[in-house]
S.K.: 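One structure is given below, represented as structure tokens, and several questions about it will come after.
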Amino acid sequence: MASAETDQTEALFSLKSYHVSEELGFILPDPLEELPPYYQPWMDIALRIPELAQSHELRSRINKMPLLSSNFLQKHKELRLAHLALSMMTMGYVWEEGEKDTVEILPRSLAVPYWEVSQRLGLPPIITHADAVLANWKRKDPDGPFNMENLELLVSLPGGESARGFFLVTLLVELAGVPAVKNIPTVINGVRCGDTEAVARGLEIISRSIEDMTDALKLMQVHVDPSVFYGIMRIYLSGWKDNPCMPKGLVYEGVQTAPMRYSGGSAAQSSLLHCFDELLGVKHEPKSASFLIYMRDYMPPLHKKLINDISLQPSLRSFVQQQDRKDLNNVFDLCVKKLLALRSYHINVVSRFITVPAARARQLRDQNHNSDGEMISRAPTALEERGTGGSSIMSFLKTVRDQTKDTLLPEASREIKHHS
């Protein structure tokens, strides 16, 4: 009897093997603030990126940087801080002079260790959500709360308080999603053993958590100035794949002679929404699906594996339809509606921070104005309609939102179409 119980326990779906924290979900718990002293030349530059970029000294400082071995980085958290620092330096190096004076070669002293650290972590050699958000925070008061007032970035990009706000608000959105992530196994195991109460209980917590994510995202308009985001910050998050500013890509000197192409940082690299899509059975149309699946290569490998493993579980949506219970149908649809509301609000944010400033920048260029709104007119023209991850942003987000709507159960779907 005991062995049968053990077998059943082992078969339960659990988050234990995926580098997911009980308290913080996909966020790296207590990231290191310092690397071993040998790596001080990296940190000396990484901690001063905004001021060095502003004084146009960043490239020359990196060009003089010694080539350091990555072999003395042993622990996972050391590798994550190194990847964060090298990522931020790389983005600063490439984009210091804007879209007009990009570089074709990343110098060996940065490219070689960056490539090695990336290989060890299974991350690409470019800034990712896993760097700039998940591993880029500290508490000012170690015993204080996890909120805007008590959080600080480890490494920043140009953009001052708006850069701090952008990365930390995104971190708080991740934190708000933790109860949802923790309840994914509850739902999966409930479906597996036909426990409708467990499924309903898990889905209720998930829907509340997704609503809290939307509320956290609303802090973006408090802490980030759209003209600073669009005119200063955004280019530093841009990649060298599908980017007309860098059509050839970037040569990582000492790694390989041919240029490589990587997409920039993107909200599509957050594992949260991918997990919800797989759990709820959201089916994306081919073009959106291929971009989202490609973005999974920019996540820590175990987070990518979790998303894939969720996709292999029995269908929650089919289970709900088979049970044909009103309470279960309602809570499933509530989850989908909360995800829909989050995606709709994200479209609103993108409009405020990209579409509106892009229109203003075009207007200023047409009028040859350089003073009024100078900040947004400096923004890269090549990125006007694109996300930093390389997608054509508005059509992509609206398509993804519409596919989410199609996941509602037939009756609720008719209802929502009737009202919209």
Side-chain angles (χ1 to χ4, degrees), residues 87-88 90-106 111 114-115 118 122-133 157 166 170 229-253 255-271 273-274 284-299 304 343 346-347 349-351 353-355 357-359 361-362 365 376 378-401 403:
S87 293
M88 294 292 212
T90 296
M91 303 318 276
Y93 188 90
V94 170
W95 298 116
E96 180 181 71
E97 302 300 330
E99 67 177 336
K100 300 286 185 270
D101 182 19
T102 54
V103 294
E104 293 186 1
I105 298 172
L106 195 67
Y114 192 20
W115 177 260
S118 298
L123 287 170
I126 192 168
I127 199 165
T128 67
H129 177 82
D131 302 303
V133 176
L157 289 170
F166 179 75
T170 310
F229 175 77
Y230 187 79
I232 295 178
M233 281 180 63
R234 195 162 169 253
I235 194 168
Y236 286 100
L237 299 172
S238 305
W240 27 97
K241 181 181 191 289
D242 301 328
N243 188 338
C245 304
M246 293 180 68
K248 293 180 186 169
L250 183 67
V251 172
Y252 290 71
E253 189 182 36
V255 177
Q256 67 171 47
T257 51
M260 295 191 252
R261 295 179 181 84
Y262 293 100
S263 295
S266 165
Q269 294 167 4
S270 167
S271 302
L273 294 180
H274 292 254
H284 294 292
E285 57 84 40
K287 195 176 172 191
S288 303
S290 66
F291 176 73
L292 288 167
I293 287 166
Y294 162 63
M295 283 287 104
R296 293 177 187 178
D297 293 338
Y298 289 70
M299 298 173 184
K304 176 184 174 179
R343 286 191 155 133
H346 185 229
I347 289 171
V349 170
V350 168
S351 174
F353 285 87
I354 297 174
T355 314
R362 273 196 298 274
R365 274 201 312 278
I376 53 174
R378 271 187 285 161
T381 54
L383 283 177
E384 272 170 6
E385 299 304 329
R386 305 186 78 73
T388 47
S391 63
S392 181
I393 195 157
M394 269 306 182
S395 61
F396 167 73
L397 291 174
K398 286 176 177 173
T399 304
V400 165
R401 180 198 57 194
Q403 316 296 164

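Keep in mind it's a predicted model, so treat the numbers as computed, not measured.
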S.K.: Answer yes or no: does atom CD of Gln256 have more than 12 heavy-atom neighbours from other residues, nucleotides or ligands under 6.0 Å?
M.R.: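 Yes.
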S.K.: Does any non-hydrogen side-chain atom of Thr90 lie less than 4.5 Å from one of Ile126?
M.R.: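 Not in contact.
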S.K.: Compare every heavy atom of Pro125 with every heavy atom of Ser118, then report the nearest pair and how far apart it is.
M.R.: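 For Ser118 versus Pro125, the nearest heavy atoms are OG-CA, 3.4 Å.
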S.K.: So which heavy atom on Leu157 is nearest to which on Leu237, and how close?
M.R.: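 So the two residues come closest at CD1-CD2, 4.0 Å.
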S.K.: Show your working on side-chain contact (heavy atoms from CB on, under 4.5 Å) between Tyr294 and Lys241 and close with a plain yes or no.
M.R.: CA-CA 12 Å; Tyr294 162 63; Lys241 181 181 191 289; 3.0 Å; yes
S.K.: Does Thr257 reach the side chain of Val251, with side-chain heavy atoms less than 4.5 Å apart?
M.R.: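 Answer no - side chains too far apart.
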S.K.: Would you please classify the geometry between the Phe229 ring and the Phe166 ring as parallel, tilted or perpendicular, with 30° and 60° separating the classes?
M.R.: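 Ring orientation, 0 to 90° scale: tilted.
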S.K.: Less than 4.5 Å apart, side chain to side chain, heavy atoms only: is that true for Val94 and Met246?
M.R.: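 Val94 vs Met246: side chains touch.
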S.K.: May I ask you to decide if the ring planes of Trp240 and Trp95 are parallel, tilted or perpendicular, using 30° and 60° as cut-offs?
M.R.: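 Plane angle between 30° and 60°, so tilted.
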S.K.: Could you check whether any side-chain heavy atom of Met91 comes within less than 4.5 Å of a side-chain heavy atom of Tyr93, counting everything from C-beta outward?
M.R.: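 Sidechains of Tyr93 and Met91: no contact.
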S.K.: Between the main-chain N or O of Gly264 and the side-chain N or O of Gln269, is there a donor-acceptor pair closer than 3.5 Å?
M.R.: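 Present.
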S.K.: Given 3.5 Å as the limit, does a donor-acceptor pair link the side chain of Asp101 with the main chain of Glu97, or not?
M.R.: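 No, because the side chain of Asp101 does not come within donor-acceptor range (under 3.5 Å) of the backbone of Glu97.
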S.K.: Would you kindly check if the NZ (Lys) or CZ (Arg) of Lys287 is within the cone defined by 45 degrees around the ring axis of Phe396 and under 6.0 Å from the six-membered ring centre?
M.R.: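 Pair Lys287/Phe396 does not count as cation-pi.
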S.K.: Side chains of Arg343 and Leu273: does their closest heavy-atom pair fall under 4.5 Å?
M.R.: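 They are in side-chain contact.
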S.K.: Evaluate side-chain contact (heavy atoms from CB on, under 4.5 Å) for Ser238 paired with Glu99, printing each intermediate quantity in order.
M.R.: CA-CA 10 Å; Ser238 305; Glu99 67 177 336; over 6 Å; no
S.K.: Measuring only between side-chain heavy atoms, which start at C-beta, is Lys304 closer than 4.5 Å to His274?
M.R.: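 Heavy-atom side-chain distance check fails, nothing below 4.5 Å.
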S.K.: Over all heavy atoms of both residues, which pair between Pro259 and Gly249 is shortest? Give the atoms and the distance, please.
M.R.: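 Between these two residues, the closest heavy atoms are CB-C, 4.1 Å.
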S.K.: In the structure I gave you, are the side-chain heavy atoms of Tyr298 and His129 within less than 4.5 Å of one another anywhere?
M.R.: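 Side chain of Tyr298 against side chain of His129, heavy atoms only: no contact under 4.5 Å found.
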S.K.: Do you know the tightest heavy-atom contact between Cys245 and Thr102?
M.R.: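 So the two residues come closest at O-OG1, 3.5 Å.
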S.K.: After noting the C-alpha distance and the side-chain angles of Val350 and Leu397, does the key distance pass the side-chain contact (heavy atoms from CB on, under 4.5 Å) rule?
M.R.: CA-CA 9 Å; Val350 168; Leu397 291 174; 3.6 Å; yes
S.K.: Side chains of Val400 and His284: does their closest heavy-atom pair fall under 4.5 Å?
M.R.: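 Yes, their side chains come closer than 4.5 Å.
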S.K.: If I take atom CE from residue Met299 and atom OG1 from residue Thr128, how far apart are they, to the nearest 0.5 angstrom?
M.R.: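 Taking CE in Met299 and OG1 in Thr128, the distance rounds to 10.0 Å.
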S.K.: When rounded to the nearest 0.5 angstrom, what is the spacing between CD1 in Ile127 and OG in Ser263?
M.R.: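 Answer rounded to 0.5 Å: 13.5 Å.
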S.K.: If every non-hydrogen atom of Val255 is compared with every non-hydrogen atom of Ala111, which pair is closest and at what distance?
M.R.: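 The answer is CG2-O, 3.8 Å.
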S.K.: In Å and rounded to the nearest 0.5 Å, what is the CG to CG distance from Asp131 to Leu123?
M.R.: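 Output value for this atom pair is 6.0 Å.
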S.K.: Kindly compute the distance separating CG (Leu106) from OH (Tyr114), expressed to the nearest 0.5 Å.
M.R.: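 Result: 8.5 Å between the selected atoms.
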S.K.: When you measure from the side chain of Glu285 to the backbone N and O of Ser288, does any donor-acceptor pair fall under 3.5 Å?
M.R.: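 Such a contact is found between Glu285 side chain and Ser288 backbone.
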S.K.: Quick check: does any side chain N or O of Arg261 sit under 3.5 Å from a backbone N or O of Asp242, one acting as donor and the other as acceptor?
M.R.: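 Checking the backbone N and O of Asp242 against the side chain of Arg261, no donor-acceptor pair under 3.5 Å is found.
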